[in-house]
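Remember, predicted model here, so these are calculated numbers, not experimental data. Just so it is clear: chains get the letters A, B, ... in the order the sequence lines come, proteins before strands, and each one is counted from 1.
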Amino acid sequence: MDKLNYVPDIWAFNIYLNLLCREKMIDLALEDFHSIVKKGRDPDVVTYAIMIDGVCKVGRFNSAVGLWKEMVGKGLSPDNKACCALVVGLCEVGKVDLAYELVVEVIKGGNVEFSTLIYNALISGFCRISRIDKAQAIKLFMTKNGCEPDLVTYNVLLNYFCNELMLQEADKLFKKMERSGIRPDVYSYNQMIKGLCNTNKPDKAYLLMVNKMEADGLVDAVSYNTVIKAFCKDVILERLTSCLRIWVGRGLHQMW
DNA sequence: CTAGGGTTAG
């Protein structure tokens, strides 16, 4: 095309840039991206989404933020996919605050319909930095905006509650999920098992696994590993305490 | 319906 002096239209450019990004040839992609303007074509939202996704995938988050600001600065309105590229990319490395700060206006603007993906990425990001308040607020917001929480939304929150040993909350959420017509999957159950094991109830975890999960065909290596590890820990703890009891009972600790 | 993407566990 260059030889023939044709200037590719924006569609051709985007397909080409996407290919370069997929091949991780980011520097070349950026170079050609900048030449778009020189050749008289204006990058559009798709171009920016491709580039933002591409730079995030190679860990260049500052470039992603720069591209985003450039896009907004040009008066382009980011759509669902552009937002996803930035949010998913930034949340993956724990920069959820920055991601939220950048897209919050777009989300609250109400002009764009968002997929659950973007909400889930934000909820997961906030859970990871223990901002459950923020995560819950986003869950409420998505429902209000006509985007129902899905299996992943629930699993992300279950993961949080189980990690924080808030089992009653986890239980409540689990039931709520079932009431909403969402069938828990292996992830959901494995989170519950983890919660039970970490609150010293490996027997309950075992029963859940054998009775409920096996029956539904929802059991995998993670389930068994979690329960086995908990049982092992219990046995070790039991023996350790009995050793210590004898040790103290004989007054041996006073010799230290 | 000419292009861009995928979030959660041991």
Side-chain angles (χ1 to χ4, degrees), chain A residues 8-23 29 33 36 41 43-57 64 67-68 71 76 78-96 99-100 103 112 114-128 135 138-139 142 147 149-164 170 173-174 177 182 184-198 202 205 208-209 213 218-233:
Chain A
D9 65 6
I10 199 66
W11 290 82
F13 252 128
N14 287 346
I15 294 166
Y16 171 68
L17 289 177
N18 184 42
L19 183 74
L20 292 182
C21 287
R22 255 204 328 237
E23 299 296 322
F33 170 79
I36 288 181
R41 299 261 183 248
D44 63 4
V45 181
V46 178
T47 322
Y48 279 104
I50 291 169
M51 295 309 298
I52 289 171
D53 184 56
V55 293
C56 280
K57 292 239 164 79
L67 284 160
W68 173 271
M71 170 178 67
L76 292 169
D79 62 359
N80 173 51
K81 288 184 180 185
C83 290
C84 278
L86 184 80
V87 169
V88 170
L90 291 182
C91 283
E92 238 164 48
V93 290
K95 296 184 182 297
V96 59
Y100 183 77
V103 300
V112 184
F114 289 107
S115 60
T116 52
L117 171 65
I118 190 163
Y119 294 113
N120 288 347
L122 284 170
I123 290 172
S124 153
F126 277 119
C127 280
R128 250 186 266 160
I138 293 171
K139 179 172 169 258
M142 70 190 278
C147 191
D150 65 1
L151 179 64
V152 175
T153 319
Y154 281 105
N155 282 351
V156 167
L157 290 166
L158 276 178
N159 181 41
Y160 174 84
F161 288 134
C162 290
N163 280 340
E164 297 296 313
L173 198 68
F174 198 92
M177 163 167 55
I182 295 172
D185 68 351
V186 197
Y187 276 64
S188 332
Y189 278 107
N190 281 347
Q191 317 271 18
M192 300 301 281
I193 284 191
K194 179 179 64 183
L196 288 169
C197 287
N198 289 341
L208 178 66
M209 181 172 77
M213 296 175 70
L218 289 174
V219 67
D220 65 3
V222 175
S223 335
Y224 277 96
N225 284 345
T226 309
V227 172
I228 289 170
K229 209 169 117 188
F231 279 146
C232 288
K233 201 188 81 190

At under 4.0 Å between heavy atoms, what does [X] touch on the DNA or RNA strands: base, sugar-phosphate, or nothing?
{"X": "A:Ala85", "result": "nothing"}
{"X": "A:Val46", "result": "base"}
{"X": "A:Arg128", "result": "sugar-phosphate"}
{"X": "A:Asn14", "result": "base"}
{"X": "A:Thr47", "result": "nothing"}
{"X": "A:Val45", "result": "base"}
{"X": "A:Leu117", "result": "base"}
{"X": "A:Ala12", "result": "nothing"}
{"X": "A:Asn198", "result": "nothing"}
{"X": "A:Asn190", "result": "base"}

Sorted by chain and residue number, the salt bridge (charged side-chain N to carboxylate O under 4.0 Å, His left out) partners of A:Lys233 (sequence neighbours excluded) come out as none
Do we see a donor-acceptor contact under 3.5 Å between the side chains of A:Asp53 and A:Asn18?
-> no
Taking heavy atoms of chain A and a 4.0 Å limit, find me the 5'-most and 3'-most nucleotide of DNA chain B within that range.
-> B:dT2 to B:dG10
Could you list the residues that satisfy side-chain contact (heavy atoms from CB on, under 4.5 Å) with A:Ala29, not counting sequence neighbours?
-> A:Leu17, A:Leu20, A:Cys21, A:Met51
Output all residues satisfying ring pair (Phe, Tyr, Trp, His ring centres under 6.0 Å) with [X], sequence neighbours left out; order by chain, then residue number.
{"X": "A:Phe33", "value": "A:Tyr48"}
{"X": "A:Phe114", "value": "none"}
{"X": "A:Phe126", "value": "A:Tyr100"}

